[in-house]
Amino acid sequence: MFDYDLNDDQRELGATARRVFEQAGGLALARELFETRAYFSRALWRTMIELDWAGLAVPEAYGGSGGGILDLYAVCLESGRAVVSSPLIPSSVVAAHVLVGAAEGNQRVAELLGRLASGASIVAPALLEPGGVWDERGVETRLERSGGTAKVTGTKVLVPFADVADRLLATVRDRDGVSIVLVDPAATGVSITPTDNLASLPLCAVVMEGVEVDELVGRAGGGWPQLAPALARGAVLRAAETAGAGERILEMTVEYAKSRQQFGKAVGSYQAVQYLCTDIGIASHLTDLLARRAAWLIDTGRPHQRAAAAAKLHASRAAAHMTQRAHEVFAGLAFMMEHDLHLFTRHAKHWEHDLGDVRHHGEELVEALQREFVDGSQR
Amino acid sequence: MFDYDLNDDQRELGATARRVFEQAGGLALARELFETRAYFSRALWRTMIELDWAGLAVPEAYGGSGGGILDLYAVCLESGRAVVSSPLIPSSVVAAHVLVGAAEGNQRVAELLGRLASGASIVAPALLEPGGVWDERGVETRLERSGGTAKVTGTKVLVPFADVADRLLATVRDRDGVSIVLVDPAATGVSITPTDNLASLPLCAVVMEGVEVDELVGRAGGGWPQLAPALARGAVLRAAETAGAGERILEMTVEYAKSRQQFGKAVGSYQAVQYLCTDIGIASHLTDLLARRAAWLIDTGRPHQRAAAAAKLHASRAAAHMTQRAHEVFAGLAFMMEHDLHLFTRHAKHWEHDLGDVRHHGEELVEALQREFVDGSQR
Amino acid sequence: MDLTFSSEQEEWRDEVRTFLTAELPADFDWNSEYDEDEEGWAFALDFTRKVAGRGWIGLTWPMEYGGLARPAIDRFILWEELIRANAPVVNHIGWGLAANALLAGGTHEQKLRFLPPIARMETFWAEGLTEPDAGSDLASLRTSADWTGEHWIVNGQKTFTTWGTHADVLYLAARTDPAQPKHRGISIFCLDLRAPGVSFSPLHNIAGGRQNHTYFDDVIVPADCLIGEVGHGWDYIMGSFYAGGPMGGMECEQENRLAELTRWCSTVGRYGRPLIEDPYVRERLAELAVMTEISRVLSYEGLSNFLHRRPPRFGGALNTVVSKEMRPQFSQTISEIVGPLSQVRGESPAAPMTGRPAEWFLRGINNHAGGTPQVKRMVMATRGLGLPR
Amino acid sequence: MDLTFSSEQEEWRDEVRTFLTAELPADFDWNSEYDEDEEGWAFALDFTRKVAGRGWIGLTWPMEYGGLARPAIDRFILWEELIRANAPVVNHIGWGLAANALLAGGTHEQKLRFLPPIARMETFWAEGLTEPDAGSDLASLRTSADWTGEHWIVNGQKTFTTWGTHADVLYLAARTDPAQPKHRGISIFCLDLRAPGVSFSPLHNIAGGRQNHTYFDDVIVPADCLIGEVGHGWDYIMGSFYAGGPMGGMECEQENRLAELTRWCSTVGRYGRPLIEDPYVRERLAELAVMTEISRVLSYEGLSNFLHRRPPRFGGALNTVVSKEMRPQFSQTISEIVGPLSQVRGESPAAPMTGRPAEWFLRGINNHAGGTPQVKRMVMATRGLGLPR
């Protein structure tokens with residue numbers, strides 16, 4: 001029957017996630033990781049692995065639990081709410097989805113996927129380059145083949161978890177177009193440098209100079225069609241995180257607006273503040289609705305490009321908008337480190353740009369419109 | 001001494017303009033012109049001519065009064081306030097400025113300029129083409145020369161006052177680039193059709209098929225440098241009209257918000273409505289400040305590209321924004337024809353796009369930034 | 001989560017589409033903003049009678065009152081398709097507010113008397129709630145209905161009565177007890193607009209339609225034309241707004257415009273290339289596409305909540321706030337894409353998309369019918385977020 | 001209308017520029033949002049002492065109080081140049097609020113005692129107005145000053161005391177008469193921060209600076225440290241905000257960022273061409289340019305009004321509203337231009353423009369100091385447009 005809500009299992013998974021993230025420390029953990037520049041909590045990641053979340057979206061044949069994006073959606077709403085930094089989206093979703101597509105008949109990939117699904121390995125997608133664009137045209141890292149060896153040269157930026165990954169899953173370009181390779185971070189010619197960033201997230205610059213790689217993951221020149229659905233999955237879940245964070249920001253802000261008195265009444269009774277609070281509610285709830293529908297379309301194998309792009313575009317904007325609105329309500333109070341809001345604000349700047357920003361997904365949307373309305377194919 | 005205000009003469013001119021436009025009927029005249037599709041009031045235009053406004057910005061040598069853009073600024077604040085439709089900006093400013101630049105040593109142009117300045121003639125700038133862009137690249141109308149004759153073929157749209165003009169001042173293109181020609185609207189091959197539009201303004205489609213024209217106005221291929229400063233002048237004055245209209249919209253809206261009672265108090269006491277009203281005040285006042293400075297820079301011969309482009313960009317946005325905000329305050333009341341607001345709303349849609357829209361002036365601005373900060377030349 | 005319709009529902013959708021394809025010319029154009037064109041009006045009446053002929057007006061009503069007793073989701077699908085086809089359906093007040101109020105508060109006799117003629121499109125209803133001084137603050141209405149012992153005598157004025165001069169019956173809210181606090185003393189009535197003492201004065205709106213001031217001068221309303229209990233009118237009024245379940249649609253209208261615009265941008269040139277390749281245009285098309293997706297998910301969420309009887313979040317106000325604020329923004333964005341020619345109206349050969357952007361712009365100004373966006377924000381803040389008044 | 005400066009004024013500007021060029025390293029970087037870096041702080045103190053050495057701190061004050069008695073327009077020019085050079089000037093409270101309050105309400109003795117050390121940069125002042133429960137509603141402050149017959153005893157707490165632990169004197173507002181209505185019972189004082197009973201607890205802000213909670217536990221303030229009349233503190237506080245005349249500057253800061261960004265966009269590639277040729281980037285650069293022009297005209301208008309003693313429109317609130325609302329928008333727009341790397345901070349070699357966009361983003365969040373934009377909107381609506389409260 002027509003139903004927009006997550007099912008009981010998914011909601012239970014969400015409840016578990018909320019408990020797990022709270023028990024791990026919740027916002028206090030996020031604060032500690034930020035202040036100590038520890039990047040992420042291995043202990044929490046181990047707990048997530050024990051709960052089988054690392055393999056949640058990996059088919060059972062490769063050692064996963066064969067769940068869907070909507071299952072992860074329930075988890076990501078909560079990881080956003082608690083501002084969790086983990087390899088779940090980059091490794092267990094984006095990299096995993098690419099590997100799943102290439103695993104059949106490729107023992108090496110299948111084994112890596114198994115390790116990824118079991119939590120033994122992290123695979124870091126190395127996609128973005130210094131130009132800072134998420135689409136195919138942004139891939140300038142070169143793949144050069146001579147004789148039996150293939151070598152990669154180029155620079156990737158903001159590669160999540162590169163310094164703790166077993167393998168980097170990198171986009172490369174040669175005369176065939178864009179392909180995907182696995183890079184051993186310990187290989188000669190690879191240099192990995194953590195990048196200081198607003199949220200102290202584990203984002204690294206990866207410089208590759210003539211790094212030898214094994215055969216391609218998937219078809220030569222077919223990298224982008226392999227990657228695009230993986231990016232869409234990651235983007236939708238990043239949007240879920242944004243929605244979850246938005247819910248928490250909304251709660252914090254409304255609670256404050258109800259209790260903070262100025263000019264003899266609660267500031268939340270001023271329409272100016274009511275607009276700020278409803279702005280947050282609108283941005284957060286719409287992000288949830290858009291992303292949830294996109295996740296459902298993905299899980300049911302339906303065309304989802306418009307839905308996923310709209311969800312992440314809206315989420316990117318919402319990430320910036322919700323935190324800004326909350327700062328307006330809290331004013332001086334949340335400009336201080338002792339208040340938790342800045343943890344959201346810092347991560348929001350990452351979410352805004354990660355896995356496609358407003359610009360990238362706007363372009364995706366218009367391409368979809370053209371295909372649907374001009375070229376005449378299906379949405 | 002440093003002073004941002006118009007001088008006494010200019011303010012007196014503004015006071016005269018306000019009186020003249022009110023005596024001509026004010027908003028009742030605007031309503032009558034709209035409802036009867038009369039396009040503009042010849043009687044009011046005659047009064048404006050008698051006051052020497054048609055030649056206000058034309059040098060005395062050519063029969064004008066040698067005033068500046070700031071003088072016209074004072075008039076245009078008032079013509080916006082009263083939603084006046086007149087040839088002042090297109091003919092007396094835009095066309096006139098192009099002709100002034102070409103009049104020296106060109107008897108034909110000098111004579112036309114004299115007629116324009118005296119009010120005997122209207123010269124309609126025929127610039128925009130169906131692509132709808134205001135810059136040089138938008139000129140596709142062809143100029144073909146063979147033997148001693150020059151012929152023009154192409155379509156111009158939204159040409160103001162074309163059906164009552166003595167001459168059309170048209171941009172044309174040949175292998176030299178863009179040039180400017182004068183077209184006799186009665187010449188063979190010219191067809192002029194009034195275009196039904198939101199504000200019932202005298203905007204015409206002009207189709208030219210092999211229309212014979214005399215020699216060029218100005219240098220072959222030098223049309224755009226001739227036209228650009230004229231467009232800037234027109235754009236700044238269109239911004240002045242928008243600011244003047246904004247003042248009137250602000251007054252109407254605030255007056256209503258003070259008197260209209262709902263839920264037992266004046267709607268203007270609700271912060272939601274206060275935001276709408278202050279939005280109008282901000283948009284209007286900033287448009288005035290930006291445009292006034294641009295006008296002063298023009299009159300004092302200073303570089304003005306950034307200032308003029310910022311003024312019109314802001315004015316274009318303000319035109320849409322102020323009317324929309326006012327409609328929010330008036331709600332159902334101003335959705336009715338009997339309320340005057342829609343007169344502003346309709347004209348605002350013209351002002352928004354006329355003489356360069358947000359997009360055009362954004363491009364102008366960035367070109368200026370590049371010249372100043374990258375190429376290293378002066379602002 | 002399941003956003004699919006059952007095969008029966010898809011068949012129903014096909015039935016509606018087949019009907020619409022048969023009854024409407026290709027590329028049919030209809031000014032939903034209260035068209036007053038006589039030919040258009042006649043066509044709309046005729047078309048609506050055909051819809052009535054299928055029994056679809058009372059689609060979800062009980063059989064005994066002229067309905068087909070079908071589930072709410074079928075009505076959602078019907079409206080999606082009607083709006084997708086830009087179908088000229090009229091008598092919204094009859095189908096909607098009045099029928100909902102009658103179903104909720106009317107006696108069996110009243111339902112038997114009023115509903116079947118609506119279902120057959122024999123009576124046309126107008127709305128009689130808003131007054132010049134009672135807009136957002138509807139409960140401050142002053143039109144009075146005084147009981148003589150025999151019947152009600154109505155005096156006062158209503159405003160913005162859309163299609164009032166075409167209508168037979170007015171869905172009227174009037175004050176029956178001036179002594180009660182303002183929400184309490186209100187009752188609702190079916191008022192015969194042909195009765196002596198009813199008069200109209202025209203109010204032309206800027207989108208080309210006619211609304212009206214409606215005046216009552218000692219208009220007699222029979223006792224059996226009061227709906228429900230005396231003094232409980234406010235509850236019926238409020239309950240009737242959404243009682244019939246959600247009506248999808250805004251996303252269909254936006255999807256239509258987006259499709260038309262995308263195609264237009266692919267055929268029209270600017271800077272020597274199709275408009276659709278212009279980055280400025282693409283950025284704005286993306287904005288329109290996001291707005292359309294937002295309408296779609298709000299529509300589906302509303303349906304899901306209704307079907308599962310889940311109370312909507314934020315006091316149900318989020319949907320209204322978002323769609324009202326989006327309305328002028330959508331048409332303004334179109335105007336930015338189209339450029340200077342967006343001010344050109346349909347009568348001109350230069351008009352892009354036969355002048356629709358200009359019409360959409362005018363219609364987009366109306367986001368106040370049923371309450372201003374500002375009032376809905378306050379509902380969301382107080383009822384939805386629990387912020388103090 | 002005349003937006004030129006006289007030749008004397010241009011010479012003055014040149015003098016300031018020459019000084020700044022000599023004293024500041026090329027490409028000098030300074031976190032105006034309360035830098036706590038020790039080396040930076042030492043440099044700022046040293047630099048400000050050099051400014052003081054020129055007599056420019058008291059530029060417009062009477063000679064007898066350590067000033068140079070120069071006209072307000074010279075101060076405007078000085079600040080334009082200081083901000084254009086991103087000069088590390090500190091002791092704003094001393095130069096500004098405290099000096100203005102002393103000039104307006106202080107006795108001759110107090111002026112002689114407090115102003116010359118400020119002018120010579122010998123005393124550093126902090127602000128003691130805001131309290132945890134008195135932010136936008138400053139007049140609800142509760143810190144008390146009780147008169148013992150001999151001196152004042154101060155108890156209570158202030159917050160957001162920027163550079164408090166570096167400061168010598170606090171510009172304090174305290175309640176001297178709890179019986180009076182809230183604006184009436186307030187007085188202002190110069191409080192010695194070295195006095196017994198003063199303590200601080202740190203408040204680190206997200207832009208890298210330290211502010212403080214400041215606590216007063218029976219702090220003794222001598223009688224002659226009360227400024228002006230008892231109970232009239234509110235008037236001095238309000239009067240002091242703009243008493244010194246407008247200080248241009250926001251447009252200079254924005255112009256600097258715009259220039260830096262434009263140059264950066266010309267050197268960095270994206271899609272195989274310089275970023276500056278990317279239409280998405282160009283559209284946003286244009287937005288920044290418009291914001292910069294807006295700041296410029298507001299600054300000039302403020303100067304003109306001050307010089308001609310014209311009351312500013314809209315109760316003087318428009319400028320504040322616009323600049324406060326623009327602040328986060330400006331840095332957000334920069335972040336959209338720079339893209340994903342805008343989150344990278346300066347310590348990283350991958351940082352664009354040495355990480356400034358990330359710093360600008362954090363600083364841009366602060367638009368509340370001196371009152372929230374929301375409160376300023378209300379001032380504009382009620383005082384500026386005459387709308388009812």
Side-chain angles (χ1 to χ4, degrees), chain B residues 128 130-135 137-138 140 155 157-158 193-201 203-205 260-264 267 270-273 275-276 320-321 323-324 327-339 341-342 345-346 349-350 352-354 356-360 362-363, chain C residues 33 130 132-140 159-160 182 202-207 211 268-272 275 278 280-281 324-325 328-329 332 335-336 338-352 355 358-359 361-362 364-369 371-375 377-378:
Chain B
L128 201 65
V133 292
W134 284 98
D135 63 46
R137 290 177 293 165
E140 296 180 20
T155 300
V157 297
L158 303 180
T193 322
T195 303
D196 189 36
N197 61 84
L198 280 174
S200 285
L201 281 163
L203 304 172
C204 303
R260 168 78 173 174
Q261 303 272 324
Q262 289 285 274
F263 303 106
V267 298
Y270 293 98
Q271 290 185 337
V273 175
Y275 261 79
L276 297 171
H321 191 60
T323 46
Q324 198 274 331
H327 277 289
E328 297 274 338
V329 176
F330 284 105
L333 196 69
F335 193 60
M336 299 300 136
M337 300 283 272
E338 64 182 23
H339 194 279
L341 181 60
H342 79 101
T345 309
R346 292 169 185 277
K349 186 52 81 186
H350 178 61
E352 179 185 349
H353 291 288
D354 192 36
D357 47 18
V358 168
R359 191 237 186 113
H360 171 77
E363 202 40 50
Chain C
E33 212 70 28
T130 307
D133 289 327
S136 293
D137 183 12
L138 184 60
S140 70
T159 192
F160 303 141
K182 65 184 199 174
L203 269 177
H204 294 282
N205 74 38
I206 64 178
Q211 297 172 264
V268 170
R270 186 179 288 172
Y271 295 129
L275 210 50
D278 181 339
Y280 184 91
V281 168
K324 280 173 177 285
E325 291 182 352
Q329 197 190 343
Q332 173 64 23
S335 151
E336 288 170 19
V338 175
L341 290 171
S342 65
Q343 67 194 299
V344 176
R345 306 193 67 165
E347 288 81 353
S348 164
E359 298 309 317
F361 172 72
L362 290 175
I365 290 169
N366 176 5
N367 67 356
H368 43 76
T372 66
Q374 289 75 34
V375 168
R377 277 272 192 173
M378 297 314 120

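Note on naming: letters A, B, ... go to the chains in the order of the sequence lines (proteins, then strands), and numbering restarts at 1 for each one. As a basis for the values below, the full set of heavy atoms in this structure was taken, side chains included, without hydrogen atoms, waters or symmetry mates.
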**Request:** With rounding to the nearest 0.5 Å, note down the distance linking CD in C:Glu336 to CD in B:Glu352.
**Result:** 6.0 Å
**Message:** With a 4.5 angstrom heavy-atom cut-off, is it the side chain or the backbone of B:Leu201 that approaches chain C, or both, or neither?
**Reply:** neither
**Item:** pair C:Val344-B:Leu158: side-chain heavy atoms closer than 4.5 Å
**Value:** yes
**Message:** For the backbone of C:Asp133 and the side chain of B:Gln262, can you confirm whether one donor and one acceptor N or O come within less than 3.5 Å of each other?
**Reply:** yes
**Item:** Pairs of heavy atoms under 4.5 Å with chain B: top-ranked of C:Gly135, C:Gly346, C:Gly272, C:Ala350
**Value:** C:Gly135
**Message:** At a 4.5 Å cut-off on heavy atoms, which part of C:Ala134 comes close to chain B: side chain, backbone, both, or neither?
**Reply:** backbone
**Item:** Nearest-0.5 Å distance that lies between atom CG in B:Asp354 and atom CD in C:Gln343
**Value:** 7.5 Å
**Prompt:** Which region of B:His327, side chain (C-beta onward) or backbone (N, CA, C, O), has a non-hydrogen atom less than 4.5 Å from a non-hydrogen atom of chain C, or is it both or neither?
**Reply:** side chain
**Prompt:** If you tally heavy-atom pairs under 4.5 Å against chain C, which of B:His350, B:Glu338, B:His342 wins?
**Reply:** B:His350
**Message:** Counting C-beta onward and ignoring hydrogens, is there a side-chain heavy-atom pair between B:Leu276 and C:Gln374 closer than 4.5 Å?
**Reply:** yes
**Request:** Mind listing the closest non-hydrogen atom pair of B:Lys349 and C:Ser342 along with its distance?
**Result:** CD-OG, 4.3 Å
**Item:** C:Pro132 versus B:Arg260, closest heavy-atom pair with distance
**Value:** O-NH1, 2.5 Å
**Complete:** Highest number of heavy-atom pairs under 4.5 Å with chain C among B:Thr155, B:Asp357, B:Thr323, B:Val133 belongs to B:Val133
**Prompt:** Do the non-hydrogen side-chain atoms of B:Arg346 and C:Ile206 ever get within less than 4.5 Å of each other?
**Reply:** yes
**Prompt:** Going by heavy atoms in the side chains, are C:Thr159 and B:Met336 under 4.5 Å from each other?
**Reply:** no
**Request:** Spell out, as yes or no, whether a donor-acceptor pair under 3.5 Å connects the side chain of C:Arg345 to the backbone of B:Leu198.
**Result:** no
**Request:** Please round to the nearest 0.5 Å and tell me the distance separating atom CG of C:Asn367 and atom CD of B:Glu328.
**Result:** 4.5 Å
**Item:** Side chain, backbone, both or neither of C:Lys182 within contact of chain B (heavy atoms, under 4.5 Å)
**Value:** side chain
**Request:** Pick whichever of C:Met378, C:Arg377, C:Glu359, C:Arg270 has the most heavy-atom pairs under 4.5 Å with chain B.
**Result:** C:Arg270
**Message:** For chain B, which candidate among C:Pro373, C:Gly339, C:Pro340 shows the most heavy-atom pairs at distances under 4.5 Å?
**Reply:** C:Pro340
**Message:** Going by side chain to side chain contact (heavy atoms under 4.5 Å, CB included), C:Ser348 matches just one of B:Leu203, B:Thr193, B:Val157, B:Thr195. Which one?
**Reply:** B:Thr195
**Request:** Measure C:Thr372 against the heavy atoms of chain B and call it side chain, backbone, both or neither at under 4.5 Å.
**Result:** side chain
**Least distance between heavy atoms, C:Phe160 atom then B:Leu333 atom** = CZ-N, 3.6 Å
**Message:** How long is the straight-line distance from CD of C:Gln211 back to CZ of B:Phe335, given to the nearest 0.5 Å?
**Reply:** 7.0 Å
**Residue selection (most heavy-atom pairs with chain B, distance under 4.5 Å) from C:Ala358, C:Ser335, C:Pro349** = C:Ser335
**Fill in**
Output for pair (B:Asp135 CG, C:Tyr271 OH), nearest 0.5 Å, gives 3.5 Å
**Item:** Working for side-chain contact (heavy atoms from CB on, under 4.5 Å), residues B:Tyr270 and C:Val375
**Value:** CA-CA 10 Å; B:Tyr270 293 98; C:Val375 168; over 6 Å; no
**Prompt:** Once you round to the nearest 0.5 Å, how far does CG of C:Leu203 lie from CE of B:Met337?
**Reply:** 11.5 Å
